[in-house]
Amino acid sequence: MREDASVMHVDADAFFASVETRHKPSLARSPVLVGGTGPRGVVATANYEARAVGCRSAMPMSQARVLCPAATVLTPRFPAYAAHSALIMGTLRQLSPLVQPVSLDEAFVDLAAGPFAADPVTAADLARRLIYNRSGLVVSVGLGRSKLIAKLASDADKPHGFTVVPGENEDEFLMPKPVGALWGVGPATEATLRTLGIRTVADLRAAGRDDLVRVLGDAAGWNLYRLARGDDPRPVVVEREAKSVGAERTFAQDLLRWELPGALEDVLARALRRLGRQGGGARTVTVKVRLSDFTTLTRSVTLAHPTAEADQLREAADAALTAANPVEPVRLLGVSLSGLTHWAQLRLPQDEADGAAVDGLMASEDLAEAPTVSSASPDRVPTPDESHLLDDAPPDEAVGRPALEDDADDGDEERLPAPLTPHTVALGLDVSHPHHGAGWVVRAEDGLVTVRFEGPNTRPGPDRRFDIRRELLMRVDPPEPCPPARLTSLATLGKADELTAMLLPDESTRRTPDGSSGTSAGSSDSLV
DNA sequence: TCTGGGGTCCTAGGACCC
DNA sequence: TCTGGGGTCCTAGGACCC
C-alpha cells in the first residue's frame, strides 16, 4: 500500500438536484425532489432542504411528497447531468490521467500518477475550487491511501466537505464507522452482521475470518476481513469494459398477459439501441419480470454465437418470456443483453453475400474508422452509465451494418429543438418561447403549460402560461455548464493559485456569461 | 408510503466432460 | 456394479452500488 494519502474521491453533492437549482434560480434554498413523477416514481435525488424533513434517494415519490409538500418535483434531465459530469471529469483529468468515474457524479483520482504527486492536498483543494468556478457545483472531496479511505473521507463532511486522512490516522478514522458505511455492506449484510453482534468496523476487526466467511460466503467474508483492517489494494483504473446492457420499465399500471409481447418489444428495442451503440453483439438474453406482488423472475437464453441481429435476439427474448410464464399481472419488464463481444455475427444482405468471403464474424472496429463517443469530446471517456446519454451519431454507418437501427425515438433521445406537445411535456423540461426566451416547465395540465423564464445566473424568473395546442413552445437542450455569477475569487485560492495559472493560462481571464471578469470577487451584482 | 433504472458481482446447483 | 473428483458452462436468484 502507498505511503501518501494520494487517492482522491470526488462526489458531487445532491448532484441532480444541484444541477436543477443551478439552472432554476427560483428554486435556490427551497426543497427539490428529482425523480419519477408517475404513480410509481421514486426519488433519485433530494436536495439538502428536502433531506432536512426526511426525504431520501430511492424513497417512493408519493412518500416524499407527503413528507415535504412544499417540494418542487422535477423529472430528471439526463443530458444536463451528463454535460456537468463531463465538465467535472474533464477537470479531474487535468490533475491526473488516472481518473475512474464511478457514476455521473463520482470519481476516484490517483493523484500520485499526475503532475501533483508531490502535493495531493493542494491538488484536491484545487479540484473542488475549479469545479465550482467552472460550473457552480459543490463537491465533497476525500483523500486517503486507498479507495476505501478516500470514499469514506469524501462522505465524512458533506456537503462541501474536504477531508484528508493520513495513514497514521486511518484506524482512528475507520474503527468507529458503522459497518454499513463500508462498500459492499448493504441492509442484508448489515442485518446478518448484527446477529453476530457486529455493528462497527472495530467489531468487525475483532471478528474471526472463518466466522465471516461462514456467514457471508467466501468473497464477502474475505473482503470485509480485509477492509476492516484498512487493507484495500484496489487500484484506480481508467476504463472497464461493459459486461451487459439492458433496459427495463415499470408500468404505471400492471400489465395483463396479452399486453406483454408489445411491452417486451418496446423494452427490447431500447436495449438493442444501447447494444447498437456499443457496436458489438451479445450472446445471452435475459428477461426480467416483476409481478404485482413484487416477486421477480428472470429467465435467460444463451445463443450458440454472439449476434447483433435484432431478429435473433428478439426470438431469444420471446422464448425467455415464455419460459418465465408470468400468471399474475406484471409491474415491470426488463431485457438485459450480456456475453457482449466486439464481434457480432453478421448476416449480410442477400445481394452482398454471394461469393463474399466476408461471411461470419467481423470485428465491429473494422467496419469503419468511425468516430466513437469519446472522440467527440476529446477530453473525456464516458462511463458505461452515461455513454448512452451523449452520443448523437451512431458509431458506424458503413459496410454490412447489422440490422440495428438507432431510430432514436425514446422520447428522451429526441432530436432537439422540437415542439413541446402534451405527450412530451414534463415538469422541469427546458423550453424556449420566441419572445420570452428560455425557461422551464413549472406546471402542465392538459394543454396548459406554465413556464418560468429563468436560467443560470439570471434573476428568478416570471411565470407565464401557454396553451400549447394554440401556441408554439419548443423543447430545447439544457443550458451548458457555466461559471456561477458569484465566483470564488482566484485570489482566495491561496496556494492553488499558482497551480491554476499553470494549468489554465486563460482561467484568470475567463469571463462570466454576463461579461464581467471572472477574477473580480463579488460579481454577484452582475445578475441580469 | 409502497417500493426506478442502470449496472456489477457472488453463490448454489445442475449438466456435462474427462 | 458402484463410485470419484475436478473443471467448465449455464441458470436463477439475490445483494449491492449510484
Taking only the side-chain nitrogens and oxygens of A:T298, find out if one of them lies under 4.0 Å from OP1 or OP2 of C:dG13.
yes

Does a side-chain N or O from A:R40 land closer than 4.0 Å to OP1 or OP2 of B:dG4, or not?
no

Are C:dC17 and A:W183 stacked, with the base six-membered ring and the side-chain ring centres under 5.5 Å apart and planes under 30°?
no

So, OP1 or OP2 of C:dA12: does either fall under 4.0 Å of a side-chain N or O from A:S300?
yes

B:dG7 phosphate, OP1 or OP2: any side-chain N/O from A:R274 under 4.0 angstrom?
no

Under 4.0 Å between a side-chain N or O of A:R240 and OP1 or OP2 of B:dC9?
yes

Toward the 5' end of DNA chain B, which comes first, A:S292 or A:L216, by nearest nucleotide?
A:S292

Could you pick out which residue, A:S57 or A:K288, lies toward the 5' side of DNA chain B when each is mapped onto its nearest nucleotide?
A:S57

Under 3.5 Å for both distances, Watson-Crick or G-U wobble, that's the pair rule; now give the dot-bracket for DNA chain B, with | marking pairs to another strand and [ ] for crossing ones.
....||||||||||||||

Counting just side-chain N and O atoms, does A:S244 come under 4.0 Å of either OP1 or OP2 of B:dT8?
yes

Counting heavy atoms from C-beta on, name the nucleotide in C:dC18, C:dT11, B:dT3 closest to the side chain of A:V102.
C:dC18

Nearest-Å distance once atom C1' is located in both B:dT1 and C:dC18:
23 Å

Within the structure, does a side-chain N or O atom of A:K151 lie under 4.0 Å from either OP1 or OP2 of C:dC18?
yes

Presence of A:T189 side-chain N/O under 4.0 Å of C:dC16 phosphate oxygens OP1/OP2
yes

Once you measure the plane-to-plane angle for A:F16 and A:Y81, does it fall in the parallel (<30°), tilted (30-60°) or perpendicular (>60°) bin?
parallel

Counting just side-chain N and O atoms, does A:T302 come under 4.0 Å of either OP1 or OP2 of C:dT11?
yes

Is any side-chain N or O of A:T250 closer than 4.0 Å to OP1 or OP2 of B:dG5?
yes

Does A:R331 put a side-chain nitrogen or oxygen below 4.0 Å from OP1 or OP2 of B:dT3?
yes

From the set B:dT3, C:dC18, B:dT11, return the single nucleotide nearest to any side-chain atom of A:V42.
B:dT3

Note: A:D155-A:K177 ion pair, threshold 4.0 Å (strictly below)
no

Do A:R2 and A:D110 come close enough that some side-chain heavy atom pair is under 4.5 Å?
yes

Determine: side-chain N/O of A:R270 to OP1/OP2 of B:dG6, distance under 4.0 Å, yes or no.
yes

Base, sugar-phosphate alone, or nothing: which one does A:G217 contact when heavy atoms must sit under 4.0 Å apart?
sugar-phosphate

Please determine whether a side-chain nitrogen or oxygen atom of A:R299 lies at a distance below 4.0 Å from atom OP1 or OP2 of C:dG13.
yes

Can you see if the side chain of A:K243 gets near the phosphate of B:dG7 - specifically, an N or O under 4.0 Å from OP1 or OP2?
no

Among B:dT11, B:dT3, B:dG5, the one nearest any side-chain atom of A:P60 is B:dT3

